[in-house]
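Working notes, structure below.
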Amino acid sequence: LIANAATWTTQILNLIGAPEKLLHQRANSDRLLAAALQFATTHIFPENIAARQEFYRQVVHPNLPKLVVGLAQLLDFILKRVSDDGQIAHASQLHVVLVFINRLMHAHPAQFRPVSARIHECISSLLYADDAQSLAVPIFTAAAEVLASLHLTGALSAKGSEASGGNARTTQAQLWQATIENQLLLATEAWRFATSSYQATEAAQQGESNAGAARPQSLKAYPKDPLAATRVAHECLALLLGTRGRPGLISLHLRAATARPVPVPAGKIVSLCLDMLHVDVSSRFKPTAEAKLCTLQASHLAALHTRALALVSQLALVAPAAIPLEAARLLGDVCRPRRSPSSP
């Protein structure tokens with residue numbers, strides 16, 4: 001069994017290690033790649049394989065790191081080809097690689113620590129690109145799941161501290177929190193630009209200064225022209241909060257299953273949703289706002305209110321303790337009809 005597994009593993013590594021040949025010279029390369037990775041994750045590198053000590057020592061230990069590095073390199077190669085040849089050319093191979101990276105990351109998260117930064121860069125370049133909304137929903141969802149699973153590469157607990165002179169490790173909870181708070185900063189920044197004609201202060205500039213350090217490089221920068229900036233802001237909000245038929249990154253992140261409890265920034269999510277729900281077409285406009293800008297921003301308010309309500313509803317389902325009760329009260333206040341002053 002060990003001899004045969006070693007042979008199979010070598011063939012799988014050779015397949016992944018020749019991406020040019022895999023993508024362009026092999027027929028049905030997506031099916032071949034899916035079958036090879038399915039066999040590897042199910043029979044050679046399954047979860048808890050370390051319990052089989054001899055098999056782990058001879059087969060898993062020397063080959064699993066090679067498979068992880070090979071998948072990261074293959075992902076990088078496919079994304080470069082997608083940017084050159086278009087999404088349709090290698091969409092199926094890209095989806096296969098994303099799905100199995102996510103599966104292996106859940107089974108062997110520690111093995112992905114050396115390549116986690118590279119995978120994060122690849123996923124960010126895919127999800128925050130200008131054409132991210134044109135990605136097929138399965139690819140978009142698979143990429144978002146990999147982004148959420150990257151927190152598993154963190155340590156289970158911090159060892160040492162700066163005060164004691166030890167090396168503190170970034171924990172899984174810290175990685176999760178950093179990712180979702182980064183998304184919330186981007187959403188808050190986009191909301192300020194999308195409603196700049198409604199703000200009494202220059203909140204858009206404040207949001208830009210707060211979130212500038214956390215902006216992915218592939219995310220489109222906001223133009224100086226208010227009309228153009230509003231269009232970019234709506235694209236960013238659609239990416240982060242979702243649209244009809246397509247979930248947003250924040251909702252997918254909250255929906256992802258985690259091996260152990262992680263911090264949910266419920267207060268920041270509720271604050272963003274309340275900020276979005278408090279602005280309506282009757283809100284005071286800035287005196288210097290252009291008519292076209294006000295019209296453009298007002299036309300999107302109903303859709304943005306729907307996204308805010310959807311996010312609060314999801315928070316009521318996933319957050320622990322008293323947060324669902326507060327979220328339910330918020331939804332009740334929003335949905336409850338207001339009585340006129342003359343009503344009994």
Side-chain angles (χ1 to χ4, degrees), residues 123-135 140 143-144 147 177-254 265-281 283 285-286 289-290 292-312 314-315:
I123 298 299
S124 297
S125 67
L126 178 65
L127 291 177
Y128 296 105
D130 293 344
D131 57 348
Q133 289 296 294
S134 63
L135 286 173
F140 182 85
L147 181 64
Q177 190 170 13
T179 301
I180 194 169
E181 287 192 351
N182 182 27
Q183 294 173 354
L184 286 173
L185 280 175
L186 294 174
T188 302
E189 177 191 33
W191 166 248
R192 298 305 182 189
F193 277 100
T195 56
S196 58
S197 62
Y198 288 82
Q199 307 301 323
T201 60
E202 294 296 333
Q205 296 181 2
Q206 297 175 7
E208 184 178 9
S209 62
N210 292 336
R215 287 179 60 84
Q217 295 181 356
S218 56
L219 192 63
K220 186 185 299 184
Y222 288 99
K224 293 183 179 180
D225 178 61
L227 279 173
T230 298
R231 295 187 180 96
V232 174
H234 284 302
E235 293 176 2
C236 187
L237 285 171
L239 174 69
L240 295 166
L241 301 182
T243 56
R244 180 176 296 179
R246 178 182 290 268
L249 287 180
I250 294 178
S251 61
L252 286 173
H253 206 73
L254 291 175
K268 294 181 180 180
I269 295 176
V270 171
S271 296
L272 173 61
C273 294
L274 281 176
D275 192 12
M276 296 174 67
L277 292 170
H278 283 164
V279 175
D280 56 29
V281 292
S283 300
F285 291 87
K286 290 177 59 179
E290 300 177 3
K292 291 184 179 179
L293 179 62
C294 295
T295 303
L296 174 63
Q297 295 183 354
S299 64
H300 288 85
L301 281 181
L304 294 177
H305 289 165
T306 302
R307 296 177 195 172
L309 289 172
L311 188 56
V312 174
Q314 185 177 8
L315 185 64

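In this text, all values refer to a predicted model and were calculated from it rather than measured experimentally. Numbers here simply count residues along the sequence, with the first being 1.
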### Message
Rounded at 0.5 Å granularity, tell me how far CD1 in Ile250 sits from CG in Leu272.
### Response
7.0 Å

### Task
With rounding to the nearest 0.5 Å, note down the distance linking CE in Met276 to OG1 in Thr306.
9.5 Å

### Summary
In terms of heavy-atom contacts, His234 and Ala194 come closest through CE1-CB, 3.9 Å

### Query
How long is the gap from CG on Leu239 to CG on Leu249, to the nearest 0.5 Å?
4.5 Å

### Task
Output yes when Arg192 and Asp275 qualify as a salt bridge under the 4.0 Å nitrogen-oxygen rule, no when they do not.
yes

### Minimal non-hydrogen separation, Val232 against Ala221, with atom names
CG1-O, 4.2 Å

## Note on the structure
Distance col, row Ser251:OG vs Arg246:CZ, nearest 0.5 angstrom, shows 11.5 Å

### Message
Please find the pair of heavy atoms, one from Val281 and one from Tyr198, that lie closest to each other, and give the distance.
### Response
CA-OH, 4.1 Å

### Task
Look only at the side chain of His305 and the backbone of Val279, and say whether a donor-acceptor pair between them is shorter than 3.5 Å.
yes

### Task
Output the distance between atom NZ (Lys220) and atom CZ (Arg231), rounded to the nearest 0.5 Å.
11.0 Å

#### Entry: Euclidean distance, Glu235 CD relative to Thr243 OG1, rounded to 0.5 Å
12.0 Å

### Message
Tell me the closest heavy-atom pair linking Glu189 and Tyr222, and the distance in Å.
### Response
CD-CE1, 3.6 Å

#### Entry: Minimal non-hydrogen separation, Cys273 against Leu311, with atom names
SG-CD2, 3.8 Å

### Message
Any heavy-atom pair between the side chains of Pro216 and Leu186 that's under 4.5 Å?
### Response
yes

### Test side chain to side chain contact (heavy atoms under 4.5 Å, CB included) applied to Leu274 and Val312, step by step
CA-CA 9 Å; Leu274 281 176; Val312 174; over 6 Å; no

### Query
Taking all non-hydrogen atoms of both residues, which atom of Gln314 and which atom of Leu254 are closest, and how far apart?
NE2-CB, 3.7 Å

### Query
Counting distance only, does the side-chain N/O of Asp131 pair as donor-acceptor with the main-chain N or O of Ser134 below 3.5 Å?
no

